[in-house]
Chemist: 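Let me give you the structure first, and then I'll get to my questions.
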Amino acid sequence: AAARNRPRYETTSNPIVAGVGEPLVVVEGVEKYFGDFQALKDINLTVTKGEVVVVIGPSGSGKSTLCRTINRLETINAGEIRIDGKKLPEEGKALAALRADVGMVFQSFNLFAHKTILQNVTLGPIKVRGQSKADAEKAAMVLLERVGVEKQANKMPAQLSGGQQQRVAIARALAMKPKVMLFDEPTSALDPEMINEVLDVMIQLASEGMTMIVVTHEMGFARKAADRVVFMADGEIVEEATPEEFFSAPKSDRAKDFLSKLL
Ligand code: ADP
Ligand code: MG
């Protein structure tokens, strides 16, 4: 309900929403092994443009591995992943370009410690997208303002709180103009009082029409922002449903068990 009330479908002037409803991330029959251990088992998932998918599940169920295969930080052993109709290339320039279409925010902030906040955000656009320094800095300041850390632009990452650093990480990913944003437990390493400032930025992003895949244990976020909840266990997608359906009437025993432990 909340998700469907979002204004994003009406804001056609926003380029992010062009093609809403078309498949953007397609994961087909993906299998992933680490040695003999199978971390992903026949994963099939289609995320459409403008959709927000929340992935939940117990620790070790393969959520991070799935994110990392979508960004090609991990190779896959079988199946196929397509981003906006293009198969993920093995390596080289084509991979760098396609990877730039997929913004990623991790649990740990991963900012470049020896660069300023502004440099953290401009580096990718200058190196990968070939933007001029002036253009990249102008765009970066707009993004830093959007996530509420524009006053910190010339500071070093260590001078910022965890919540501020994570918002910079979001701005840095957005600076590449990604088609989809992946978030892997972006608030798990934060002090409780900082969680909402990061979730608020993500909710804002969702309302603007960004396609998002979000691994999180923040069920409030899932209820508010998700179009769909995907529940994983033991390397499989066990259940997919709207947040309303999933939280009020989970179908599988594994989902019921998982939800009972969260409360
Ligand atoms: P989640 O994010 O749901 O907690 P992960 O995707 O991190 O789960 O891990 C899924 C399973 O794959 C776990 O059993 C984990 O130990 C295993 N795994 C993840 N990465 C590696 C790796 N690089 N080498 C070996 N095993 C791994
Ligand atoms: Mg994980």
Side-chain angles (χ1 to χ4, degrees), residues 25-47 52-81 83 88 90-91 95 99 102-111 162-163 165-166 169-170 173 178 180-192 194-195 198-199 202 211-222 225-226 228-241 243 246-247 250-263:
V25 178
V26 177
V27 178
E28 260 175 20
V30 164
E31 315 260 344
K32 172 67 185 177
Y33 287 85
F34 294 108
D36 289 338
F37 176 76
Q38 187 167 10
L40 295 177
K41 301 169 186 167
D42 189 25
I43 298 289
N44 294 283
L45 178 67
T46 296
V47 180
V52 177
V53 172
V54 164
V55 180
I56 65 175
S59 175
S61 55
K63 306 179 299 293
S64 293
T65 305
L66 176 61
C67 284
R68 293 170 58 80
T69 60
I70 291 172
N71 201 16
R72 195 53 176 73
L73 291 167
E74 295 282 0
T75 56
I76 54 179
N77 299 102
E80 191 172 293
I81 297 173
I83 309 287
L88 276 184
E90 291 299 310
E91 57 196 359
L95 176 59
R99 196 177 268 161
V102 182
M104 183 133 180
V105 176
F106 301 89
Q107 180 175 339
S108 50
F109 316 127
N110 290 105
L111 297 179
Q165 288 188 53
Q166 200 60 315
I170 294 172
V180 53
M181 286 281 288
L182 304 182
F183 294 86
D184 189 2
E185 301 203 28
T187 61
S188 297
L190 295 177
D191 292 334
M194 291 170 192
I195 290 176
V198 173
L199 293 179
M202 293 166 62
T211 309
M212 295 165 54
I213 301 174
V214 183
V215 178
T216 186
H217 295 300
E218 293 294 333
M219 297 303 131
F221 173 83
R228 191 153 46 116
V229 172
V230 168
F231 175 71
M232 288 184 75
D234 301 322
E236 290 177 288
I237 293 178
V238 175
E239 211 169 315
E240 273 184 70
F246 183 76
F247 292 116
K251 291 188 192 78
S252 63
D253 287 340
R254 281 188 287 188
K256 284 176 196 162
D257 184 53
F258 174 77
L259 287 173
S260 72
K261 282 175 187 152
L262 278 184
L263 301 174

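Since the model is a prediction, treat every value here as computed from it, not as a measurement. In listed order, ligands and their atoms are each counted from 1.
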Chemist: If you have a sec, work out which protein heavy atom is nearest atom 7 (O) of ligand 1 and how many Å separate them, to one decimal?
Modeler: S64 CB, 3.6 Å
Chemist: Heavy atoms only: which of S61, G235, G60, G62 is nearest to atom 4 (O) of ligand 1?
Modeler: G60
Chemist: Does some non-hydrogen atom of the protein lie less than 4.0 angstrom from atom 22 (C) of ligand 1?
Modeler: yes
Chemist: Please confirm if an N, O or S atom belonging to S64, backbone or side chain, lies less than 2.8 Å from the Mg ion (ligand 2).
Modeler: yes
Chemist: When you measure from atom 16 (O) of ligand 1 to the protein, is at least one non-hydrogen atom found at a distance under 4.0 Å?
Modeler: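 Answer no: nothing from the protein, no heavy atom, is under 4.0 Å.
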Chemist: Do V215 and C67 have side-chain heavy atoms sitting under 4.5 Å apart?
Modeler: yes
Chemist: Could you tell me, atom by atom, which parts of ligand 1 come under 4.0 Å of a heavy atom of A39?
Modeler: 12 (O)
Chemist: For ligand 1, which atoms, with element, lie under 4.0 Å from some heavy atom of P58?
Modeler: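 Answer for ligand 1: 3 (O).
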Chemist: Quick one: does NZ or CZ of K32 land under 6.0 Å from the six-membered ring centre of F34, within 45 degrees of the ring axis?
Modeler: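 Geometry flag: set, cation within 6.0 Å and 45°.
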Chemist: Donor-acceptor check, side chain of K63 to backbone of M232, threshold 3.5 angstrom: yes or no?
Modeler: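 No, because the side chain of K63 does not come within donor-acceptor range (under 3.5 Å) of the backbone of M232.
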Chemist: Have a look at K63, K32, E74, R68 and point out the one with the heavy atom closest to atom 3 (O) of ligand 1.
Modeler: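 Going through K63, K32, E74, R68 one by one, K63 has the nearest heavy atom to atom 3 (O) of ligand 1.
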Chemist: Within the side chain of S252, is there an N or O that forms a donor-acceptor pair under 3.5 Å with the backbone of A255?
Modeler: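 Side chain of S252 to backbone of A255, a donor-acceptor pair under 3.5 Å: yes, one is there.
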Chemist: If you compare all heavy atoms of P186 against all heavy atoms of V105, which two are closest, and at what distance to 0.1 Å?
Modeler: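 Of all heavy-atom pairs spanning P186 and V105, the closest is CB-CG1, 4.2 Å.
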Chemist: Would a 4.5 Å heavy-atom cut-off, applied to side chains only, mark V180 and V47 as touching?
Modeler: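 With C-beta onward as the side chain, the pair stays apart.
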Chemist: Looking only at atom types and distance, does a side-chain atom of E239 sit under 3.5 Å from a main-chain N or O of K251, one as donor and one as acceptor?
Modeler: yes
Chemist: To the nearest 0.1 Å, how far is atom 9 (O) of ligand 1 from its closest protein heavy atom, and which atom is that?
Modeler: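 Ranking protein heavy atoms by distance from atom 9 (O) of ligand 1, first comes T65 OG1, 3.7 Å.
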Chemist: Kindly identify the option in F34, Y33, F37 whose heavy atom sits closest to atom 11 (C) of ligand 1.
Modeler: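 Heavy atom nearest to atom 11 (C) of ligand 1 belongs to F37.
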